[in-house]
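In this text the structure is predicted, and so the values were computed from the model without any measurement. We number each residue from 1, following the sequence as shown. For ligands, and for the atoms within them, numbers begin at 1 and follow the listed sequence.
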Amino acid sequence: MCGIVGYIGEREAKEVVITGLKRLEYRGYDSSGICIVGNQAINIYKEKGKIKELENLIEGMEIEGTVGIGHTRWATHGVPNQTNAHPHQSYSGRFTLVHNGIIENYKELKETYVPNVERLSETDTEIVVHLVDHFSTQGLATEEAFRKVLTLLEGSYALALVDAEEPKKLYAAKNKSPLLAGIGEGENMVASDATAMIHVTNQFKELKDEEYVVFDRNELTIKNYAGEVLEREVYSVDWDVSSVETGQYEHFMLKEIDEQPSVIRNIISKYQDENGMLNIAEELQGLPVPSRIYIVAAGTSYHAGLVGKTILEKIAKIPTEVHIASEYMYSEPLIEKNSLFIFISQSGETADSRGVLKQIKELGLPTLTITNVQGSTLYREADYQLLTHAGPEIAVASTKAYTAQIAVLSLFSIHLAERNGIEGNIDMFHELKMISTAMESLKDMKEKAKQIVDSYLTGKDKCFFIGRLQDFAVCLEGALKLKEISYIQAEGYAGGELKHGPIALIEDGTPVFVLLTDEKVAKNTRSNAQEVVARGANTCVISTKGFEEEGDAWVLPKVHPLLTPLVSVIPTQLISYYAALQRGCDVDKPRNLAKSVTVE
Ligand code: M6R
């Protein structure tokens, strides 16, 4: 959580840094700030609220300078206000710093090294910048002082530091929080991710934990905490500026919902060879075929895991368990010997999942990360990696990442089935093409989603999603999406489970979305719908062509029964989107949330 940017070059740093921060706003948006090194002075501007507020603050000001750092915050230590917003300055005013992460030992460090320095903010970050000042006052050169501080810090951090006495150089470091270097011509950058630098460069260098970087506009050097210079390959991403802009859309969320058919096509093209065969073996070379699979994830990625479980069990015939990362971490479950752990994460940075990954690595079991972000922490730390190739997902509410994760899990299940000698499997590429076509047809059904919102959700503050089997998994996801962006209390329930308690909440007019895409249980779910209708519920049935009934609100095209979640989730995404719009909510930046959850 929180995003940082640092830039040196020939452009106006204010523009570069603010653009970068806007791209990182998904990481936190309760306050923001910039520090621009001008000819005569270090200029710091901070404001509570979204970056728009910071822009309003500096509108019309002449802020010149080609060196700058910036920060967008998701508060951990101290309430969101102007004082706690970053950047923070050291007691002498010489050093200025931005930070993403949590310094766990900041109190001890303050007591030990700078007990008499008055703290101006409630943040842990402020202590870090005072420490740099402290060690430089003791005679260390800035780089030495910075390195000394890095060796003392416990916790997670991505830092960027400006020294007013050496203003043509920036320092940055990382441990457990993401940070990348961007290499330009006559300009260099660092930022929490590539989206914040793509307007300047598409040449990146990965930074690993406990590494720092010193750079000016012409040179960028990566070092470890012993001060040794490290060589690092440059890489590029296969998307461009248009991927991180809304373009003709009002919100990223709608753009990302609409991108889903092309994401599925992209996944097919990445994982299919010229003979139409699955081309995944290279990524998975050496991976033992497991006798049990554990999927570990959070939020929407956990819901994708629930769908993946069924696909893996039906296709690869391997028993699969799905766990919430934050629960797994402290539950010490019994693990079968020949197991594979799969971590699903859009961002590849989720702290809860990373905590489990570390535990599993200590046990020596094989790990596979399925993620959208190449080079992310979970990507780097797992033994095997599969990319979801969905392109940057900016809206806090995850949509295309979910469908991409399920599509990649489906291909992975085919890989395992082939290695297990299971014959007669489905033609997954063909089925995914069908999915992409079905998704395409749903793009034109936004009016229907709006009408459903008007008829079922206007003035309501609670609702249910019910379904069985794969539909139940989608109900959990549909309910999460609706609650996180529209703030309507939404519960996803297994159709048969309602009568064991929650049916007590059904009143006249309670909206109940009924998902009905599995013929095997269609009749049972219809009965559950009748049970709530009898108690006054207003049911909105989303069914599949072939077993629809009169009065169903939305009939989806028929696709392979195992893969229906890839299609049935789209109405739930659209309904959530239009419900949030109807209520005037900030669709892309819902309250209290951040997209990348890097604290436990
Ligand atoms: O980056 P990850 O997939 O690991 O993130 C997990 C969750 O934080 C995430 O899916 C969250 O639930 C989304 N806001 C849901 O839309």
Trainee: Do the rings of Y294 and Y328 sit parallel, tilted or perpendicular, given the 30° and 60° boundaries?
Mentor: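 Perpendicular: the ring planes of Y294 and Y328 meet at over 60°.
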
Trainee: What atoms of ligand 1 come within less than 4.0 Å of a heavy atom belonging to S345?
Mentor: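 Ligand 1 atoms under the 4.0 Å threshold to S345: 1 (O), 2 (P), 3 (O), 4 (O).
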
Trainee: Only counting residues at least two apart or in another chain, list the ones meeting side-chain hydrogen bond (donor to acceptor under 3.5 Å, both in side chains) with Q385.
Mentor: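 Q385: no side-chain hydrogen bond (donor to acceptor under 3.5 Å, both in side chains) contacts found.
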
Trainee: Considering non-hydrogen atoms of the protein only, which is the closest contact for atom 11 (C) of ligand 1, and what is the distance?
Mentor: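 It is T300 N, 4.2 Å.
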
Trainee: Any idea which protein heavy atom is nearest atom 7 (C) of ligand 1, and the distance to it?
Mentor: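 Answer, as residue, atom name and distance: A298 O, 3.7 Å.
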
Trainee: Does one side chain, of T458 or Q582, offer a donor that lies under 3.5 Å from an acceptor on the other?
Mentor: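 Present: a donor and an acceptor within the cut-off.
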
Trainee: Which of the numbered atoms in ligand 1 are below 4.0 angstrom from a heavy atom of A397?
Mentor: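 Every atom of ligand 1 under 4.0 Å from some heavy atom of A397: 16 (O).
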
Trainee: Main chain of E393, side chain of Y26: is a donor-acceptor contact present, judged purely on distance under 3.5 Å?
Mentor: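 Checked: no pair found.
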
Trainee: Would you mind running through ligand 1 and noting each atom that sits below 4.0 Å from a heavy atom of V396?
Mentor: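 Ligand 1 atoms under the 4.0 Å threshold to V396: 13 (C), 14 (N), 16 (O).
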
Trainee: Identify the protein heavy atom lying closest to atom 5 (O) of ligand 1, giving its residue, its atom name and the separation to 0.1 Å.
Mentor: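 Among all protein heavy atoms, the one nearest atom 5 (O) of ligand 1 is T350 OG1, 3.5 Å.
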
Trainee: Would you kindly check if the NZ (Lys) or CZ (Arg) of R591 is within the cone defined by 45 degrees around the ring axis of Y487 and under 6.0 Å from the six-membered ring centre?
Mentor: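 Verdict for Y487: a cation-pi partner in R591.
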
Trainee: Who's the nearest protein heavy-atom neighbour of atom 1 (O) of ligand 1, and how far?
Mentor: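 Answer, as residue, atom name and distance: S347 OG, 2.6 Å.
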
Trainee: Can you name the nearest heavy-atom pair linking W554 to L574, along with the distance?
Mentor: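 For W554 and L574, the tightest heavy-atom pair comes out as CH2-CD1, 4.1 Å.
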
Trainee: Using a strict cut-off of 4.0 Å, indicate which atoms of ligand 1 neighbour a heavy atom of S301.
Mentor: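 By the 4.0 Å cutoff, the relevant atoms are 2 (P), 3 (O), 10 (O).
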
Trainee: Would you tabulate the side-chain donor-acceptor contacts of residues 244-251 under 3.5 Å, counting partners in other chains and residues two or more places apart, or write 'none'?
Mentor:
residue, atom, partner, partner atom, Å
E245, OE2, R23, NH2, 3.3
Y249, OH, D258, OD2, 2.7
H251, ND1, Y577, OH, 2.8

Trainee: Identify, for atom 8 (O) of ligand 1, the protein heavy atom at the shortest distance, and state residue, atom and that distance.
Mentor: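 Protein heavy atom with the smallest distance to atom 8 (O) of ligand 1: V597 CG2, 3.9 Å.
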
Trainee: Hey, what's the ring geometry for Y456 with F513, parallel, tilted or perpendicular (30° and 60° as the breaks)?
Mentor: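 Plane angle between 30° and 60°, so tilted.
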
Trainee: Taking only heavy atoms of K481 into account, list the atoms of ligand 1 that are under 4.0 Å away from them.
Mentor: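 The atoms of ligand 1 under 4.0 Å from a heavy atom of K481 are 15 (C), 16 (O).
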
Trainee: Suppose I only count heavy atoms of E484 and a 4.0 Å limit; which atoms of ligand 1 are within that range?
Mentor: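 Those of ligand 1 that fall under 4.0 Å from E484 are 13 (C), 14 (N), 15 (C), 16 (O).
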
